Amino acid sequence: MTLAIETERLTKRFGSVTAIDDLSLSVPSGTVYGYLGPNGAGKSTTIDILLDLVRPSDGTARVFGYDTQASPVAAREQIGVLLDGFKPYPAITGREHVELAATARGVSTDPATVLARVGLEHAVDQPAGEYSKGMTKRLGLAMALVGDPDLLILDEPSTGLDPHGIVTMRELIRTEVDRGATVFFSSHLLDQVEAVADRVAIINDGSLLVEDSVESLKSELEDGTTVKIRIEDPASDQLPELQANIDPLETVNSVRIEGRTLIARCRSQAATATVVSAVEESQAAIDTYEVEQPSLEDIFKTHTDGDE
Ligand SMILES: Nc1ncnc2c1ncn2[C@@H]1O[C@H](COP(=O)(O)OP(=O)(O)OP(=O)(O)O)[C@@H](O)[C@H]1O
């Protein structure tokens, strides 16, 4: 399997701060890889090392096999990047920005076409100083796309985008992967990553907490599916009796009572139906019930322990 990015025991210390701590990552080529972590987790430092803007204190980083320290130019040539703090030159137009990116990459391009891909066809000849935040983000994305790089590194690409912009970005990411590119997508917005990523790494305090496919993380999470059933006018012993009946069920992790609501944590989403049936069979009148399925947000919260 070709790896677009590989870090081995990567460490970066800034004085007494360890921004990246013994981090080993493998990003398979042709995938969308979500890189998640709260503020200060070390996401930007990782990206800076890949771009050789920052040198590691220890360990190695490779981009398509090119060591970022030994062969920084070859590594950099593989990458199109949108940095979180991207600021355009206010006096020059969108077209001129794309031309600059093309010159830097040594390729020729049609700026109007690239800008249309990010929805800036109406602002091609407008100075970038007049762009809104979302338009600026789109411009940065257009510059990253120039020359069809094999690896797209997008640092917090959704920030500043409206819902329409977010959809455009998602479509672009899928199009890029379909042509064979790899997308390394750093964010603290889980829903954005969940929607597009094939694999996810979660880091905190510079260390890797979880690395898995979105699919298996989600199935792992199913284990925490909760059903909340509110009972209409329950008799005084009705809820404790229900709790005693449901608790031994194999598909149930735990049951508790809150007021007139029975809350059961189940082993899968399907198991919630068993709980509802058990309540119905007991003749208790169900007022309302709702099923809550955990999201990646829950994994993130569990592992980062409310650090965000
Ligand atoms: N140049 C630097 N000098 C000193 N400390 C730094 C430097 N760059 C980053 N750090 C520290 O390293 C840690 C990781 O920072 P980094 O910017 O990589 O995190 P991040 O995950 O990108 O955060 P955010 O989501 O806020 O952008 C933080 O504690 C930060 O203060």
Side-chain angles (χ1 to χ4, degrees), residues 4-27 32-63 68-69 72 75-76 79-88 133-134 136-137 140-141 143-144 151-161 165-166 169 173 182-197 199-212 214 217 295-308:
I5 297 173
E6 189 179 20
T7 71
E8 273 178 302
R9 314 210 60 174
L10 193 65
T11 300
K12 176 63 193 178
R13 288 179 286 271
F14 292 106
S16 60
V17 176
T18 304
I20 297 290
D21 194 5
D22 208 22
L23 184 76
S24 297
L25 287 178
S26 299
V27 179
V32 182
Y33 194 92
Y35 196 45
L36 291 169
N39 293 132
K43 304 182 296 295
S44 299
T45 304
T46 311
I47 292 172
D48 287 348
I49 291 173
L50 295 173
L51 299 169
D52 196 39
L53 299 173
V54 160
R55 288 267 157 127
S57 312
D58 233 320
T60 55
R62 281 189 289 276
V63 174
T68 58
Q69 284 189 82
R76 185 66 184 81
I79 304 173
V81 64
L82 168 62
L83 290 175
D84 187 23
F86 166 67
K87 284 199 177 65
K133 246 196 233 164
T136 302
K137 200 65 143 186
L141 189 55
M143 292 171 76
L151 173 61
L152 269 171
I153 295 182
L154 309 177
D155 196 2
E156 300 282 359
S158 340
T159 317
L161 288 179
I166 286 172
M169 187 198 49
I173 287 176
T182 307
V183 181
F184 185 79
F185 182 119
S186 142
S187 181
H188 61 275
L189 296 171
L190 288 128
D191 53 339
Q192 303 303 329
V193 171
E194 215 174 328
V196 286
R199 291 190 76 77
V200 173
I202 302 180
I203 62 161
N204 193 31
D205 285 339
S207 299
L208 184 64
L209 301 179
V210 185
E211 205 281 341
D212 213 335
V214 169
L217 280 178
S295 66
L296 281 182
E297 183 104 41
D298 296 288
I299 285 204
F300 188 61
K301 277 192 190 138
T302 309
H303 286 280
T304 57
D305 206 18
D307 279 2
E308 204 184 15

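Numbering of ligands and ligand atoms starts at 1, following listing order. From a predicted model like this one, the values you see are computed outputs, not experimental measurements.
The side-chain hydrogen bond (donor to acceptor under 3.5 Å, both in side chains) check on R62 picks up E6, E8, with sequence neighbours excluded. For Y33, the ring pair (Phe, Tyr, Trp, His ring centres under 6.0 Å) partners two or more places apart in sequence, or in a different chain, are F184.
Contacts classified as side-chain hydrogen bond (donor to acceptor under 3.5 Å, both in side chains) and involving residues 13-24 (residues at least two apart or in different chains) are given here: R9-D22.
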| task | Begin with the C-alpha distance, continue with both residues' side-chain angles, and end with the deciding distance and a verdict on side-chain contact (heavy atoms from CB on, under 4.5 Å) for R76 and V81. | result | CA-CA 10 Å; R76 185 66 184 81; V81 64; 3.6 Å; yes

| field | side-chain contact (heavy atoms from CB on, under 4.5 Å) between L50 and I153, intermediate numbers included | value | CA-CA 9 Å; L50 295 173; I153 295 182; 3.9 Å; yes

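Listed by chain and number, F14, V17, A19, P38, N39, G40, A41, G42, K43, S44, T45 each place a non-hydrogen atom less than 4.0 angstrom from ligand 1.
Using a 4.5 Å cut-off on side-chain heavy atoms (C-beta onward), L23 and T11 make no contact.
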